[in-house]
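What follows is a short report on a single structure.
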Amino acid sequence: MKQAVFLYNKQSGRGKIEKVVDQIVAVFAEHDYRMTPHAIDFKANPYDGNEEIDLMVVAGGDGTVNFAVNSMCAKGLNLPLAIIPAGTANDFAGALGMSHDPIEAARQIVRGTEQRVDCGRVNDRYFVNILSFGVFTTTSQRTSDERKHKIGKLAYLIEGAHEFRTMHAVPLKVVTENEEFDFNSLMVLIFNGETAGGFHLARNSSVRDGKFEMILLEKRNFFRSTLAMGRYLMGGTPKIVRHVQAHTIDIVSKIDEPTDVDGQPGSHFPLHIECLAGALRVICPATES
């Protein structure tokens, strides 16, 4: 019988996941898994004592997945991971094709196949979906769980609008394997995944292509910067939004701007960012032939 741990975040997604723990365990039991459920403790490594399990199943949002990945890497492990979406946006799970219904997601996992997908690393931190800084950087961190639970993705837009009042330029020097340039940024988004907060901002990104898509918004006056961001969100291509695709990115700045990885506090400048192609073993829904 295969051994699995079900690591779930009781605070994610209005706390609904806790009500279906027994049902999820039952789904895995039907497919020869002995599953042990654990409510997440962010002060403890969930892999302690679980170094030889067959599967870690994580229920939560991107921040919960980020914690599980960093905990696994901290122990030097490379075990299969499966995701049951239980957060507000669930961007990484969406990129994998997971159902938003937790019981159906559990069925997808037990019937699924292991695949290799990319993982990002910035300095000594790993991320699965996005690294960001500048305006909107702390939107996810600052948006309360209560507001997320009440209005979902709209909470990110409301908090992000507040950040425009304090927007400021971050002067950067950016070096990739293909180019080097200076940039006066208002916002930088570096995607391993495809969406941020449920919004499809990365137009040419995939968790399976071995590279990042970086989007940089240039700082101009308030009206022009706001208009450009609005145009981009509507599918436009404003000139002050720059796109870069790269495997490695080095960014330095005279300002140690706060960064965010998957909705959690990120690394300090300077930033050395790598796309680790196929580094994560994840269970994805089986493709129908």
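Residues take their numbers from the sequence shown, with the count starting at 1.
- Phe183 and Val252 fall into different hydrophobic clusters, where Ile, Leu, Val, Met, Phe, Trp and Tyr residues are linked whenever their side-chain heavy atoms come under 4.5 Å apart, directly or through other members.
- Salt-bridge annotation for Glu218 and Lys239: absent, with no side-chain N of the basic residue lying under 4.0 Å from a carboxylate O of the acidic one.
- Here the CG atom belonging to Leu280 is positioned 7.0 Å from the CG atom belonging to Leu81, to the nearest 0.5 angstrom.
- Aromatic pair Phe127/Phe212: ring centres closer than 6.0 Å.
- Remark: Gln245 pairs with Asn204, Lys211 by the side chain to side chain contact (heavy atoms under 4.5 Å, CB included) rule, at least two apart or across chains.
- By the side chain to side chain contact (heavy atoms under 4.5 Å, CB included) test, Ile255 pairs with Pro171, Ser253, Glu257, sequence neighbours left out.
- The aromatic ring centres of Phe269 and Phe133 sit less than 6.0 Å apart.
- Residues Val20 and Pro102 approach most closely at CG2-CG, 4.2 Å, considering heavy atoms.
- Judged by distance alone, with hydrogens and angles left aside, the side-chain atoms of Ser205 form a donor-acceptor pair with the main-chain N or O of Gly193 at under 3.5 Å.
- Met1 pairs by the side chain to side chain contact (heavy atoms under 4.5 Å, CB included) definition with Asp32, Arg34, not counting sequence neighbours.
- Both Tyr8 and Val110 sit in one connected hydrophobic cluster of ILVMFWY residues. Membership requires side-chain heavy atoms under 4.5 Å apart, directly or through other members.
- Between Ala202 and Ile215, the shortest heavy-atom contact is CA-CD1, 4.2 Å.
- Checked by atom type, the side-chain pair Gln115/Arg208 shows a donor-acceptor distance below 3.5 Å.
- Minimum heavy-atom separation, Pro285 to Gly97: CG-O, 3.4 Å.
- Considering only heavy atoms from C-beta on, Thr113 stays 4.5 Å or farther from Ile283 through its side chain.
- A pairwise comparison of heavy atoms in Leu186 and Ser225 identifies CD2-CB, 3.7 Å as the closest pair.
- Not counting sequence neighbours, Asp124 has no partner by the salt bridge (Lys or Arg N to Asp or Glu O under 4.0 Å) test.
- Considering every non-hydrogen atom in both Cys275 and Gly210, the closest pair reads SG-C, 3.4 Å.
- Residue pairs meeting the ring pair (Phe, Tyr, Trp, His ring centres under 6.0 Å) criterion with at least one partner in residues 101-126, sequence neighbours excluded, do not occur; the list is empty.
- Transitive grouping of hydrophobic side chains (ILVMFWY, heavy atoms separated by less than 4.5 Å) brings Leu276 and Val128 into a common cluster.
- Glu104 is listed as a side-chain neighbour of Arg107, based on a closest heavy-atom distance under 4.5 Å.
- The cluster map of Ile, Leu, Val, Met, Phe, Trp and Tyr, joined by side-chain heavy atoms under 4.5 Å apart, puts Leu79 and Val58 in the same cluster.
- The distance from the CG atom of Asp118 to the CD atom of Glu274 is 12.5 Å, given to the nearest 0.5 Å.
- Residues Leu77 and Glu51 have side chains in contact (heavy-atom distance under 4.5 Å, counting atoms from C-beta outward).
- Side-chain contact between Leu131 and Ile273: present, with at least one pair of heavy atoms (C-beta onward) separated by less than 4.5 Å.
- Listed for the Glu177 side chain is a donor-acceptor partner under 3.5 Å among the backbone atoms of Thr248.
- Residues Ile249 and Leu271 fail the side-chain proximity criterion, which asks for heavy atoms closer than 4.5 Å.
- A 4.5 Å side-chain heavy-atom check between Phe28 and Val57 finds at least one atom pair inside the cut-off.
- A side-chain hydrogen bond (donor to acceptor under 3.5 Å, both in side chains) with Asp262 holds for exactly one of Asn66, Asn192, Asn129; it is Asn66.
- For the pair Leu7 and Met56, the minimum side-chain heavy-atom distance is below 4.5 Å.
- In plain terms, the two heavy atoms of Leu55 and Pro80 that are nearest each other are CD1-O, 3.7 Å.
- Side chains of Phe6 and Ile17 form a contact here, defined as non-hydrogen atoms less than 4.5 Å apart.
- Among pairs with a residue in residues 65-92, those fulfilling ring pair (Phe, Tyr, Trp, His ring centres under 6.0 Å) read Phe42-Phe67, at least two apart in sequence or across chains.
- In this structure, the separation between CE on Met72 and OH on Tyr47 is 4.5 Å, given to the nearest 0.5 Å.
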